[in-house]
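Take a look at the structure set out below.
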Amino acid sequence: MENGLGTENTPACGCGGTQPNGKPLHSPFLRKGGWLLLALPAWFLVYYWLLPATEWLTSSVFGLDLGSRLGSAVAFFLYDAPKVLLLLSLVVLGVTFIQTFVSPERTRDILARRAGAWGNLLASLLGIITPFCSCSAVPLFIGFVRVGVPLGATFSFLVSAPMVNEVALFMLLGLFGWKIAGLYAATGVGIAFLSGWVLGKLRMEKHLEAWVMEIPFTASTVDNHGMALPERLEVAVQGVRDILGKVWPYILAGIAVGAFIHGYVPESLMARFMGRSAWWSVPLAVIVGVPLYSNAAGVMPIVQALLGKGAALGTVLAFMMAVIGLSLPETIILRKVLKPTLIAVFLGVVATGILVVGYLFNLIL
Amino acid sequence: MTRIEIFGKGCAKCELLTERAAEAAKNLGLQADIVKVKDIAEIVSRGIMTTPGLAVDGVVKVQGHVPSVKAIEDLMKG
């Protein structure tokens with residue numbers, strides 16, 4: 001079928017799990033996931049000894065003063081790199097494991113029966129845990145719309161899935177505690193809910209590209225998920241390998257930026273640009289954040305350094321959401337199913353939501 | 001002759017799935033015709049929402065993940 005879309009090579013496509021193909025482990029204890037019992041205590045041990053170890057390394061081995069700019073930047077990097085990678089491994093292990101129970105197909109079928117605001121809310125919540133990557137946005141969008149998921153709920157899902165990133169959520173929990181993690185989840189779901197609700201009310205169906213509704217379509221009902229526990233654990237371990245193998249350069253880059261901010265950017269400067277009194281800092285954070293396409297994990301060290309230097313929470317939250325949730329590549333991909341008007345409205349509504357969150361938190365906190 | 005279709009836009013995971021499907025067919029001694037479906041309209045019209053996907057004799061069996069060779073063999077038998 002020719003529709004001018006062509007084919008393209010998206011290296012990021014296919015975010016689903018890969019079942020490892022190697023030889024199964026010999027010991028039944030290890031095979032049934034017993035290695036987790038050995039690995040978890042080791043993980044916690046390393047995690048808690050990290051700070052003293054890196055401070056000793058910076059001051060005693062490299063001979064740097066921890067109070068100096070270079071010293072504090074180096075210590076930040078040495079401490080944060082293993083810390084973020086350790087935290088990410090644990091988070092990805094847990095998230096990938098949970099995701100073996102959830103599939104976009106199941107989410108679609110749940111949402112197909114819901115109309116109205118409840119559908120939007122449910123779509124926003126399911127967006128958090130359903131595995132999603134922007135490369136699958138087009139087939140997913142069509143699959144949702146064609147089985148009768150309301151357009152508004154589909155948008156709620158499409159906003160929530162990348163914006164309330166489950167990895168980002170648990171990283172925030174590990175790095176900053178439950179308050180900030182909770183704020184992030186609640187505001188992300190709120191934006192997704194409202195954006196989808198508004199878009200649904202605007203009756204945008206006529207702004208879909210014609211082929212979305214015209215293309216012959218059969219809903220598939222493949223159940224990928226009749227897996228046994230050890231298989232799910234294997235998929236989770238493979239997920240850690242896949243994701244860490246892919247994102248470590250982003251993370252190191254993020255930590256390097258974070259270390260620079262930590263060591264060299266004076267607090268007075270930060271207060272001027274990202275403090276709560278600078279009204280233009282929130283829109284600026286969004287404008288800077290959108291074209292910056294980074295992995296959720298890569299933004300964390302930057303967020304950490306910004307907050308540490310006294311940047312306002314709302315501004316930082318807006319920046320983070322713009323980086324993770326609104327991405328140019330995803331928008332370009334969605335152009336295949338949405339006419340320019342709808343793309344513009346979609347971006348406008350989500351960006352407005354992020355701005356409101358930014359201002360709101362700068363105001364009340 | 002078994003017809004095997006691999007759905008996906010040519011990413012690393014689609015290649016991996018293709019390799020594994022070929023290996024699974026060889027292990028079973030199946031005469032397999034492996035076709036890669038890269039056109040997004042075709043992928044969508046088969047109801048696939050997440051790539052990579054695999055169909056055996058026209059029936060979609062896998063989507064959104066790469067099973068092990070052993071699991072693919074089971075799918076081809078069933």
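No hydrogens, no waters, no symmetry mates; every other heavy atom, side chains included, goes into these values. Naming: A, B, ... by sequence-line order, numbering from 1 per chain. On a predicted model such as this, the values are computed, not experimentally measured, just so you know.
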> What's the spacing between B:Arg46 CZ and A:Ile215 CD1 if we round to 0.5 Å?
Replying inline: 12.0 Å
>> Apply side chain to side chain contact (heavy atoms under 4.5 Å, CB included) to residues B:Thr50 and A:Glu105 and explain how you reach the verdict.
In response: CA-CA 9 Å; B:Thr50 44; A:Glu105 292 76 31; 3.5 Å; yes
>> If I compare all heavy atoms of B:Ile40 with all of A:Pro139, which pair ends up nearest, and what's the gap?
In response: CD1-CD, 3.9 Å
>> For A:Leu140, which atoms come within 4.5 Å of any heavy atom of chain B: side chain, backbone, both, or neither?
In response: both
> Using non-hydrogen atoms only, which part of A:Phe141 is less than 4.5 Å away from chain B: side chain, backbone, both, or neither?
Replying inline: neither
>> Would you compute the distance between atom OG of B:Ser45 and atom CZ of A:Arg146 and round it to the nearest 0.5 angstrom?
In response: 9.5 Å
> How long is the span from the CD1 atom in A:Ile142 to the CE atom in B:Met49, to the nearest 0.5 Å?
Replying inline: 11.5 Å
> Which bit of B:Leu16 comes within less than 4.5 Å of chain A, counting heavy atoms only: side chain, backbone, both or neither?
Replying inline: side chain
>> Can you confirm whether A:Arg335 is buried at CZ, in the sense that more than 12 heavy atoms of other residues, nucleotides or ligands lie under 6.0 Å from that atom?
In response: yes
